[in-house]
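Notes follow the structure.
Since the model is a prediction, treat every value here as computed from it, not as a measurement.
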Amino acid sequence: MKNYDHYTYRVTWSSEDQEYVGLCAEFPSLSYLDEDKIAAFQGIESLVKAVVADMEANGESIPEPIAEKDYSGKFQVRIPPELHRKLAIEAAEEKISLNRYVNLKLAS
């Protein structure tokens, strides 16, 4: 069985439901509501465990945990030419490369 506790879980308050909602990034269609924050976490974790077991039993492809993926550190983003120009000017004014400037912007 895939290690379900390596998935990326989050618990947040749902003002619409007036309860905590447990979420899993690798399974965006799943959620678990509870009035207790810890129970919402335990609920989503249990739900993911059951779904993974079901997927394995049916020979389905199971998502790899984000934490176990390798990342190159590169990704391509398409932006409007005007924004590209604006960022290039701002980077030049800071006397750093556009790549470094965008990296700093993303990190802040």
key: For Ser31 against Leu47, the heavy-atom pair lying closest together   = O-CD2, 3.6 Å
task = Examine Ile38 and Val11 and state if one hydrophobic cluster contains both, with Ile, Leu, Val, Met, Phe, Trp and Tyr joined whenever side-chain heavy atoms are less than 4.5 Å apart.
result = no
message = Nearest 0.5 angstrom please: Gln42 CD to Asp36 CG, how far?
response = 8.0 Å
ask   = In terms of heavy-atom contacts, does NZ of Lys69 have more than 12 from other residues, nucleotides or ligands at under 6.0 Å?
value = yes
task = Inspect the contact between Glu82 and Lys86 and indicate whether a charged nitrogen and a carboxylate oxygen are less than 4.0 angstrom apart.
result = no
message = Any side-chain to backbone donor/acceptor pair from Ser108 onto Lys105? Under 3.5 Å, distance only.
response = yes
task = Compare all side-chain heavy atoms of Ile79 with those of Val77 and state whether any distance is below 4.5 angstrom.
result = yes
inquiry  = Using only atom types and a distance under 3.5 Å, with no angle test, would you say the side chain of Glu94 pairs donor to acceptor with the backbone of Ala91?
reply    = no
ask   = Does some side-chain heavy atom of Val21 sit less than 4.5 Å from a side-chain heavy atom of Trp13?
value = no
message = So for atom CD, which belongs to Glu16, do other residues, nucleotides or ligands contribute more than 12 heavy atoms lying within a distance under 6.0 Å?
response = no
request  = Measure across Ala67 and His6 and return the closest heavy-atom pair with its distance rounded to 0.1 Å.
outcome  = CB-O, 4.0 Å
ask   = How close do Met55 and Ser61 get, heavy atom to heavy atom, and via which atoms?
value = CE-O, 2.9 Å
query = Please walk me through it: do Tyr101 and Glu90 pass side chain to side chain donor-acceptor pair (under 3.5 Å)?
reply = CA-CA 8 Å; Tyr101 185 72; Glu90 290 172 4; 2.6 Å; yes
task = Establish whether Phe27 and Phe41 are linked, either directly or via other cluster members, by ILVMFWY side-chain heavy-atom contacts under 4.5 Å.
result = yes
ask   = Quick one: does Asn103's side chain have a donor or acceptor within less than 3.5 Å of a partner on Asn99's backbone?
value = no
task = Step by step, work out the side-chain contact (heavy atoms from CB on, under 4.5 Å) result for Ile96 and Leu104.
result = CA-CA 10 Å; Ile96 58 176; Leu104 292 170; 3.8 Å; yes
remark   = For Cys24 and Tyr7, the nearest pair of non-hydrogen atoms, with its separation, is SG-CB, 3.6 Å
inquiry  = Nearest 0.5 angstrom please: Glu68 CD to Thr8 OG1, how far?
reply    = 9.5 Å
query = How long is the gap from CG on Asn3 to NZ on Lys49, to the nearest 0.5 Å?
reply = 10.5 Å
key: Worked check of side-chain contact (heavy atoms from CB on, under 4.5 Å) between Thr12 and Arg10   = CA-CA 7 Å; Thr12 188; Arg10 179 170 56 104; 4.1 Å; yes
ask   = Measuring from Ile44:CD1 to Asp34:CG, what's the distance to the nearest 0.5 Å?
value = 12.0 Å
request  = For side-chain contact (heavy atoms from CB on, under 4.5 Å), just list the numbers for Leu23 and Leu30, CA-CA rounded to whole Å, side-chain angles, deciding distance to a tenth of an Å, and then say yes or no.
outcome  = CA-CA 7 Å; Leu23 304 165; Leu30 300 179; over 6 Å; no
message = Using side-chain contact (heavy atoms from CB on, under 4.5 Å), reason through Tyr4 and Val51 one step at a time and then give a plain yes or no.
response = CA-CA 10 Å; Tyr4 67 92; Val51 168; over 6 Å; no
inquiry  = Is it the case that atom NE2 in His84 sees more than 12 heavy atoms from other parts of the structure closer than 6.0 Å?
reply    = no
ask   = Side chains of Tyr20 and Glu35: is there a donor and an acceptor less than 3.5 Å apart?
value = no
key: Shortest non-hydrogen contact between Ala25 and Ile66, atoms and distance   = CB-CD1, 3.9 Å
